[in-house]
Number of protein chains: 2
Amino acid sequence: MAEASAASEACCPPADPAPDLRPVEGAEADDELAALAKAIGHPARVQILRLLVRRTSCVCGDIVDELPLAQSTVSQHLKVLKDAGLVRGSVDGPRVCYCIEPRTLRRLKALIGGL
Amino acid sequence: MAEASAASEACCPPADPAPDLRPVEGAEADDELAALAKAIGHPARVQILRLLVRRTSCVCGDIVDELPLAQSTVSQHLKVLKDAGLVRGSVDGPRVCYCIEPRTLRRLKALIGGL
DNA sequence: TTCGGCCATCGCCGATGCACGATAATGACC
DNA sequence: GGTCATTATCGTGCATCGGCGATGGCCGAA
């Protein structure tokens, strides 16, 4: 398995048949919703999320020069999104390909919808 | 109108025929979503929101002894929610009746749904 | 008028967030 | 080997958050 990792589609697999099993209310759901909301509680992170949803590209560098922020700041925001589970990063040679995690995004929508 | 203000239904009018007009994406939508998400980015505020949605009561005092927090802290959280437009407070005699703002909540759902 | 309950606000503290520049780590390429 | 490009991490400064107790304002009741 040397090559064959084309890195154009492989980093963001859309396959996701898993259903949401956890409840949308209760103490755990409250904490979960608060954590997710906190993660997107910054305009820069909302912009990053939208960029990744549109999938024009998922390379970190492209995100950096799309935002009026320093590279280290963008990396920090990406880390917040990654810790929240909203985003996934795949190392692809010297670059890192970021993409959204559809499951977490759907989970967020379900939690918000349960309000 | 001395009595007749039973404070059970009058403070939270469910009437809300207004549709959402603003777009769900763009720079303003990003800021709006980030501000709303930040407002609910704390477990205590999520709990408060749920309490108000359930409408078991909307009096501030009831919220205070439903949460393991001091009265001033709850008041602070209520202020955050009120500044975000998610909650409205009506002075009703010596008490204050809080209730959710359905328009803002629907707006939040629309913004999340637009992701 | 005075008292007491209800709520908002203030002041304070420690903890966290956000931005940046500088530096390190990784991998491709010559 | 060396070099360049890309990204993560560290350290720092400043601002904001989150909690509390204490205080003050407001209204109704006595």
Side-chain angles (χ1 to χ4, degrees), chain A residues 1-3 5-8 11 30-31 34-49 51-52 57-84 86-99, chain B residues 1-7 11 30-31 34-49 51-52 57-84 86-99:
Chain A
M1 63 285 276
E3 25 53 79
S5 59
S8 62
C11 67
D30 287 356
D31 288 357
L36 289 175
K38 190 174 187 177
I40 65 174
H42 193 285
R45 291 198 284 266
V46 174
Q47 285 184 258
I48 292 174
L49 226 51
L51 283 176
L52 294 180
S57 77
C58 45
V59 179
C60 176
D62 296 346
I63 302 172
V64 168
D65 47 46
E66 199 76 33
L67 299 181
L69 294 173
Q71 177 265 329
S72 57
T73 305
V74 173
S75 188
Q76 189 65 29
H77 284 308
L78 283 168
K79 178 177 169 54
V80 173
L81 291 173
K82 192 164 59 178
D83 287 347
L86 280 163
V87 145
R88 194 176 7 160
S90 318
V91 179
D92 174 38
R95 351 188 155 237
V96 175
C97 171
Y98 279 100
C99 50
Chain B
M1 63 283 279
E3 29 53 78
S5 59
C11 67
D30 287 356
D31 288 356
L36 289 175
K38 189 174 187 176
I40 64 174
H42 193 284
R45 291 198 285 266
V46 174
Q47 284 184 258
I48 292 174
L49 226 51
L51 282 177
L52 293 180
S57 77
C58 45
V59 179
C60 176
D62 296 345
I63 302 172
V64 168
D65 48 44
E66 198 77 31
L67 300 180
L69 293 174
Q71 176 264 328
S72 58
T73 305
V74 173
S75 187
Q76 190 66 28
H77 284 308
L78 284 167
K79 178 176 169 52
V80 173
L81 290 172
K82 193 163 59 177
D83 287 348
L86 280 163
V87 144
R88 193 176 7 161
S90 317
V91 179
D92 175 38
R95 349 188 156 238
V96 176
C97 171
Y98 279 100
C99 50

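Everything quoted here is computed from the prediction, not taken from an experiment. Throughout, a chain's letter reflects where its sequence line sits, starting with A, and its residues are numbered from 1.
The side chain of A:Leu69 approaches C:dA19 more closely than any other nucleotide in the set D:dG19, D:dG21, C:dA19.
When rounded to the nearest whole Å, the span between CD1 of B:Ile48 and P of D:dG18 equals 11 Å. Regarding B:Gln47, its CD atom lies at a distance of 14 Å from the P atom of D:dG18, rounded to whole Å. One can place CG of B:Asp92 at 13 Å from P of C:dC6, the figure rounded to the nearest angstrom. To the nearest angstrom, P of C:dG17 lies 16 Å from CD1 of A:Ile40. Computed from coordinates, the B:Leu67 CG to D:dC20 C1' distance equals 15 Å when rounded to whole Å.
Across all their heavy atoms, B:Leu69 and B:Thr73 have their closest contact at CD1-CG2, 4.1 Å. The nearest pair of heavy atoms linking B:Ile40 to A:Ala37 is CG1-CB, 3.5 Å. Of all heavy-atom pairs spanning B:Leu52 and B:Tyr98, the tightest one is CD2-O, 3.6 Å. Between B:Ala34 and A:His42, the shortest heavy-atom distance links the atoms CB-C, 3.6 Å. Across every non-hydrogen atom of B:Leu78 and B:Cys60, the tightest pair is CD1-SG, 4.0 Å. Of all heavy-atom pairs spanning A:Ala84 and A:Leu36, the tightest one is O-CD2, 3.6 Å.
Within the 4.5 Å cutoff, side-chain heavy atoms of A:Val87 are placed close to those of A:Leu49.
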Close N/O contacts between protein and nucleotides 7-10 of chain D (under 3.5 Å):
unit_1: D:dT7; atom_1: OP1; unit_2: A:Gly61; atom_2: N; d: 3.4
unit_1: D:dT7; atom_1: OP2; unit_2: A:Gly61; atom_2: N; d: 3.0
unit_1: D:dA8; atom_1: OP1; unit_2: A:Tyr98; atom_2: OH; d: 2.3
unit_1: D:dA8; atom_1: OP2; unit_2: A:Ser75; atom_2: OG; d: 2.8
unit_1: D:dA8; atom_1: N7; unit_2: A:Gln71; atom_2: NE2; d: 3.0
unit_1: D:dA8; atom_1: N6; unit_2: A:Gln71; atom_2: OE1; d: 3.2

Identify each atom pair where a protein N or O and an N or O of nucleotides 13-17 of chain D are less than 3.5 Å apart, giving names and distance.
none

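A donor-acceptor pair is defined here as one N or O able to donate and one able to accept, closer than 3.5 Å; such a pair exists between the side chain of A:Arg45 and the backbone of A:Ala39.
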